[in-house]
Visitor: 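Below is one structure. I have some questions about it.
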Amino acid sequence: MGARLSRAFFASPVLEVAPDLLGCVLTSGSVAVRITEVEAYQGLDDPASHAFRGPTPRTEVMFGPPGFLYVYFTYGMHWCANLVCGPDGTASAVLLRAGEVIGGADVARERRPACKADRDLARGPARLASALGLTGVDSGLDLCAPGSPLTVRSGSTVDTALVRNGPRVGIRVATERPWRFWLDGEPTVSTFRPGALRKRGDSE
DNA sequence: AGGACGATTAACT
DNA sequence: GTTAATCGTCCTC
């Protein structure tokens with residue numbers, strides 16, 4: 001397997017790091033996931049970013065140095081994992097949207113009992129976080145520290161011609177920014193779901 | 001103190 | 001194709 005990704009790797013501008021993360025491998029215990037789909041969130045310049053309105057206890061880690069893990073809770077039941085990227089203080093991060101489980105599938109299946117096909121073990125951001133066993137207690141982890149329970153390594157070489165990009169999923173603002181990146185032809189890439197499902201206090 | 005809503009998923013028809 | 005589930009976070013009193 002490849003080398004551990006360095007702090008310097010994560011410190012490049014988030015729009016450069018995001019596509020470069022495709023094909024890299026996340027490892028947590030025995031579970032290993034090859035990244036096939038990500039989204040970039042560009043901190044204070046991006047209305048769709050959790051960091052857009054400034055730091056809060058939840059988003060504090062995004063405002064620190066790159067190479068740290070940001071995990072948030074959503075829809076009352078799901079955790080989603082991000083890698084803080086870009087120069088220190090830019091509050092940018094890459095959402096891990098989908099991946100292929102390439103190791104420890106038995107453990108991943110135990111964590112995702114509702115999952116039928118193996119290709120769905122880490123297909124979708126909350127599924128990916130679940131397969132890796134990531135929750136809020138893991139937010140703030142230094143991914144570059146020796147002994148980190150979650151590591152990110154370069155994978156086998158990715159054909160850059162397979163990298164695609166387009167609109168981000170599930171957001172209601174800044175939908176025109178094509179900051180979702182994925183590997184064409186990968187069965188683990190989540191299906192595109194445009195814009196927001198507005199169901200509750202529907203104001204239109 | 002109260003309320004709206006979400007970087008979603010699973011289970012339906 | 002549709003929709004319920006479920007609660008932390010943040011904004012507005």
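Proteins get letters first, then strands, A, B, ... in listed order; numbering begins at 1 in each. Heavy-atom basis, side chains included; hydrogens, waters and symmetry copies ignored. Please read all numbers here as calculations on a predicted model, not as lab measurements.
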Visitor: Nearest to the A:F73 side chain among C:dG8, B:dT9, C:dA5, which nucleotide is it?
Guide: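 Side chain of A:F73 sits closest to C:dG8.
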Visitor: Please name the pair of heavy atoms, one in A:N165 and one in A:P178, separated by the smallest distance, quoted to 0.1 Å.
Guide: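 Smallest heavy-atom distance, with atoms named: ND2-O, 3.1 Å.
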Visitor: We want to know whether A:T59 and A:T56 form a side-chain donor-acceptor pair, criterion being a heavy-atom distance below 3.5 angstrom.
Guide: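 Result is yes, a qualifying pair exists.
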Visitor: Quickly work out the A:R97 CZ to B:dT8 C1' distance and round it to whole Å.
Guide: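 For the pair A:R97 CZ and B:dT8 C1', the rounded distance is 9 Å.
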Visitor: How many Å lie between CZ on A:R123 and C1' on B:dT8, as a whole number?
Guide: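 Answer to the nearest Å: 14 Å.
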Visitor: Tell me the interatomic distance from A:D120, atom CG, to B:dT8, atom P, rounded to whole angstroms.
Guide: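 Result: 16 Å.
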Visitor: Return the nearest nucleotide to the side chain of A:V169; candidates are B:dT9, B:dA11, B:dT8.
Guide: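 Of all the options, the side chain of A:V169 is nearest to B:dT8.
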Visitor: Can you tell which of C:dT9, C:dC11, B:dA7 lies closest to the side chain of A:R58?
Guide: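 Looking only at heavy atoms from C-beta outward on A:R58, the closest nucleotide is C:dT9.
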Visitor: I'd like to know if A:R109 pairs up with A:D106 as an ion pair, taking the criterion as any Lys NZ or Arg NE/NH1/NH2 lying under 4.0 Å from an Asp or Glu carboxylate oxygen.
Guide: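 Judged by the 4.0 Å cut-off on N to carboxylate O distance, A:R109 and A:D106 do not form a salt bridge.
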Visitor: With both distances under 3.5 angstrom, what nucleotide forms a Watson-Crick or G-U wobble pair with C:dC11?
Guide: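 Base partner found: B:dG2.
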Visitor: How long is the span from the CH2 atom in A:W179 to the CD atom in A:E39, to the nearest 0.5 Å?
Guide: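 These two atoms lie 11.5 Å from each other.
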Visitor: Could you identify the nucleotide paired to C:dT2, looking across every strand shown and requiring Watson-Crick or G-U wobble geometry with both distances under 3.5 Å?
Guide: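 Check on C:dT2: paired to B:dA11, both distances under 3.5 Å.
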Visitor: For A:A48, which contact category applies under a 4.0 Å heavy-atom criterion: base, sugar-phosphate, or nothing?
Guide: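 The residue A:A48 makes base contact.
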Visitor: Quick test of your reading of the model: are A:D118 and A:R112 salt-bridged, counting only N-O distances below 4.0 Å?
Guide: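 A:R112 and A:D118: not salt-bridged.
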Visitor: Between B:dA7, C:dC10, C:dG8, which nucleotide has the shortest distance from any of its atoms to the side chain of A:P57?
Guide: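 Closest nucleotide among those given: C:dC10.
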Visitor: When the ring planes of A:F73 and A:W79 are compared, do they come out parallel, tilted or perpendicular, using 30° and 60° as the limits?
Guide: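 Tilted, since the angle between the ring planes falls between 30° and 60°.
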Visitor: If you only use heavy atoms from C-beta on, which nucleotide in C:dC11, B:dA11, B:dT9 is closest to the side chain of A:R53?
Guide: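 Side chain of A:R53 sits closest to C:dC11.
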Visitor: Between atom NE2 in A:H78 and atom C1' in B:dA11, what is the gap in whole Å?
Guide: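 Checked: the NE2 to C1' distance equals 12 Å.
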Visitor: In whole angstrom, give the distance that lies between atom CH2 of A:W79 and atom P of C:dC7.
Guide: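 My rounded result for the distance is 12 Å.
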Visitor: Side chain of A:R172 only, please: which of B:dG6, C:dT6, B:dA7 is the nearest?
Guide: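 The listed nucleotide nearest to A:R172's side chain is B:dG6.
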Visitor: Within the pair A:T74 and B:dT8, is there a side-chain N or O less than 4.0 Å away from OP1 or OP2?
Guide: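 Indeed not, no polar side-chain atom of A:T74 lies that close.
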Visitor: Just the rounded figure in Å: distance from C1' of B:dA10 to NZ of A:K116.
Guide: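 It works out to 8 Å between those atoms.
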Visitor: Hey, is A:Y41 stacking on B:dA7? Ring centres under 5.5 Å, planes under 30°.
Guide: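 So yes, this residue stacks on that base, both cut-offs being met.
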Visitor: What is the distance, rounded to the nearest whole Å, between atom CZ of A:F52 and atom P of B:dC5?
Guide: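 After rounding, the gap between these two atoms is 18 Å.
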Visitor: Given atom CG of A:L96 and atom C1' of B:dT8, what is their separation to the nearest angstrom?
Guide: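 Roughly 15 Å, once rounded to whole Å.
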Visitor: Which of the following nucleotides, B:dA7, B:dA10, B:dT9, is nearest to the side chain of A:N82?
Guide: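 Of B:dA7, B:dA10, B:dT9, B:dA7 is nearest to the side chain of A:N82.
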Visitor: Checking contacts here: which listed nucleotide (B:dA7, C:dC10, B:dT8) is nearest the side-chain heavy atoms of A:T56?
Guide: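 Closest nucleotide to the A:T56 side chain: C:dC10.
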Visitor: What do you reckon, do A:Y75 and the base of C:dA5 stack, with centroid distance below 5.5 Å and planes below 30°?
Guide: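 It does not: the two rings, one from A:Y75 and one from C:dA5, miss the stacking criterion.
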Visitor: When you measure from the side chain of A:H50, which nucleotide among B:dA7, C:dT6, B:dT9 comes out closest?
Guide: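 Selected nucleotide (nearest to the side chain): B:dA7.
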